Number of protein chains: 2
Amino acid sequence: MIMNDKKDIKKETILTVAEKFFARFGLRKTTMDEIAKTARIGKSTLYYYFKSKEDIFAAVIRKESRILKSKLEENIARAANPREKLSAYVLTRMKHLKELSNYYSSLTDEYPEHYSFVERTREDFTKYEIDTLKTILAEGIEKGVFQIADVDTAAQAIVITMKGLEYPLLLQEDAGNMEDTIHNLLNILFKGIESRP
Amino acid sequence: MIMNDKKDIKKETILTVAEKFFARFGLRKTTMDEIAKTARIGKSTLYYYFKSKEDIFAAVIRKESRILKSKLEENIARAANPREKLSAYVLTRMKHLKELSNYYSSLTDEYPEHYSFVERTREDFTKYEIDTLKTILAEGIEKGVFQIADVDTAAQAIVITMKGLEYPLLLQEDAGNMEDTIHNLLNILFKGIESRP
DNA sequence: ATTTCGACTGTTTTCGTATTATGGTCGAAA
DNA sequence: TTTCGACCATAATACGAAAACAGTCGAAAT
């Protein structure tokens, strides 16, 4: 456990370099030699800090997930009530992905190719998503603004719907339409769970 | 316009042959020579009835859309009230795609590759979907069981959500989970549009 | 003990090229 | 009107050689 701070800093440096390559060239076309050269270290050193290229990629995904997580928490905290929190959650999440797809130009191309790998890597984030949504929904029930029979399944349904909309969103299938659609879905969703006097 | 019946019959024969090839090998790996040989006609004859390979593929898609359409209409007619109609619509549509993916083994692989082409070809079907959903929703409003401000956007939101769920459904990302998810979504949806006393 | 790396390896990817397969055309024949 | 054989330009494939690649290892540096 000695020198762990120093090791983490170095890992971070490597990730910063790797991130840029993955963004521009994707997983397949990014080479370990390039990462090593750009980071000014030997390629072998890379393998001292990470066990494989996929491992680095996974670390980048997890880092990205942490950024989104803090973004979500920030926007949720800003929201005044459960309704606004839920709205902020869905909108922030979908907008973030959209922005990401501009930076990660390879994201759209490699989406099908690496779908299951990314999904496996995001497992923790997905758990976080469900937990957070459950918390928001539960808070809404407690405050008497939501009326939901099964919070678990409701949270799961929301997550799967958001995931489902990811690919069409990346393909910009309906481009401008998409944000409207999300708003409409939110409206229907709210009418669906809002308790009425 | 002479001999149009005979021509249509021949076209139908070609489609039946082509369909099986597309199902087993997908669009790319199916060759015009194979279709011609199996249909026992010259390849040039194929081009007398269809203007390109994609044209045949599009015809197969449209045929499949018609089948789904009649399936939908059958199940909608069977349903007693707007709520059951809407439920039947969504479930029939999603189950049909799932069944189709068993038959069309290439569907999953080629989904990203031909996404935009299939989408363009399905445009008419998509219009039908929105129209049908609007009719169901309008009927629900008229009978006082639904309460929706904007029928158009609601119908659109439902269609886009169903489309969004297609790819995860094909990838069987949550396999058994998927049908449950659709049910959950339907439940939320219903709570969202049902009028309450 | 931790960290770094050069040299190495077995496997993929790339590349140039020759060859085949394929989508599509055309004019003639039925 | 319908059919098709012969034909064409292009795209896919096959293949061997060369290059690039992910990952290993033992030794050197810290």
Side-chain angles (χ1 to χ4, degrees), chain A residues 1-22 24-61 106 109-110 113-114 117-118 120-121, chain B residues 1-61 106 109-110 112-114 117-118 120-121:
Chain A
M1 290 297 172
I2 292 163
M3 288 287 115
N4 219 329
D5 291 348
K6 207 170 179 181
K7 203 167 176 177
D8 282 350
I9 288 170
K10 197 101 190 199
K11 272 186 139 183
E12 203 45 52
T13 308
I14 293 169
L15 282 184
T16 306
V17 172
E19 199 185 5
K20 282 171 189 161
F21 277 101
F22 288 136
R24 219 178 295 278
F25 306 111
L27 174 57
R28 209 182 357 166
K29 290 183 180 172
T30 296
T31 69
M32 294 297 265
D33 287 279
E34 281 174 315
I35 295 172
K37 193 180 156 200
T38 307
R40 292 170 196 266
I41 56 174
K43 185 169 65 164
S44 305
T45 310
L46 236 43
Y47 285 90
Y48 178 71
Y49 291 98
F50 297 93
K51 74 174 212 287
S52 67
K53 189 166 83 162
E54 279 201 342
D55 190 35
I56 299 181
F57 191 63
V60 169
I61 293 174
S106 62
D109 299 335
E110 292 194 350
E113 189 178 346
H114 303 306
F117 175 74
V118 171
R120 234 176 299 130
T121 309
Chain B
M1 288 296 173
I2 293 164
M3 288 286 113
N4 219 330
D5 292 347
K6 206 170 179 178
K7 202 166 177 178
D8 282 350
I9 287 169
K10 196 101 189 197
K11 270 185 142 183
E12 201 48 50
T13 309
I14 293 170
L15 281 184
T16 307
V17 171
E19 199 185 6
K20 283 170 187 161
F21 276 102
F22 287 138
R24 220 180 293 279
F25 306 112
L27 173 59
R28 207 183 0 170
K29 289 183 181 172
T30 296
T31 69
M32 295 297 265
D33 289 279
E34 280 174 315
I35 295 173
K37 194 181 154 198
T38 306
R40 292 167 195 266
I41 55 173
K43 186 170 64 164
S44 304
T45 309
L46 235 43
Y47 285 91
Y48 178 69
Y49 291 98
F50 297 93
K51 74 174 212 286
S52 67
K53 188 165 83 161
E54 280 200 341
D55 190 34
I56 300 181
F57 191 62
V60 169
I61 293 174
S106 60
D109 299 337
E110 292 195 347
E113 189 178 346
H114 302 307
F117 175 73
V118 172
R120 233 175 300 129
T121 309

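Labels below follow one simple rule: chain letters A, B, ... track the order of the sequence lines, proteins then strands, and each chain is numbered from 1. Please read these numbers as outputs of a predicted model, since none were measured by experiment.
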Looking at residues at least two apart in the chain, or sitting in another chain, which of them share a side-chain contact (heavy atoms from CB on, under 4.5 Å) with A:T45? A:I41, A:Y49

Who are the side-chain contact (heavy atoms from CB on, under 4.5 Å) partners of A:K29, not counting sequence neighbours? A:F25

Has A:K7 got its NZ or CZ under 6.0 Å from the middle of the six-membered ring of A:Y48, at an angle within 45 degrees of the ring axis? yes

Between A:E34 (side chain) and A:F21 (backbone), is there a donor-acceptor pair under 3.5 Å? no

Can a side chain N or O of [X] be found less than 4.0 Å away from OP1 or OP2 on [N]?
X	N	answer
B:K10	D:dT2	no
B:Y49	D:dT2	no
A:T45	C:dC5	yes

Reading nucleotides 25-30 of chain D 5' to 3', which nucleotides get B (base under 4.0 Å from a protein heavy atom), which S (sugar-phosphate only), which -? B-----

Please name the nucleotide paired to C:dA30 by Watson-Crick or G-U wobble geometry with both distances under 3.5 Å, or report none. D:dT1

Under 3.5 Å, N/O pairs linking protein and nucleotides 12-16 of chain C:
none

Looking only at the side chain of A:Y48 (C-beta and beyond, no hydrogens), which of the listed nucleotides C:dG23, C:dT3, D:dG23 gets closest? C:dT3

Given B:I14, which of B:L46, B:I9, B:T38 fulfils the side-chain contact (heavy atoms from CB on, under 4.5 Å) condition? B:L46

Please list, by residue number, the residues of residues 30-43 of chain A whose heavy atoms come closer than 4.0 Å to an atom of DNA chain C; answer none if no residue qualifies. A:I41, A:G42

Contacts of A:R28 meeting salt bridge (charged side-chain N to carboxylate O under 4.0 Å, His left out) (sequence neighbours excluded), chain-then-number -> A:E113

Can you tell me how the ring of A:F57 sits relative to the ring of A:F22, calling it parallel under 30°, perpendicular over 60° and tilted otherwise? perpendicular

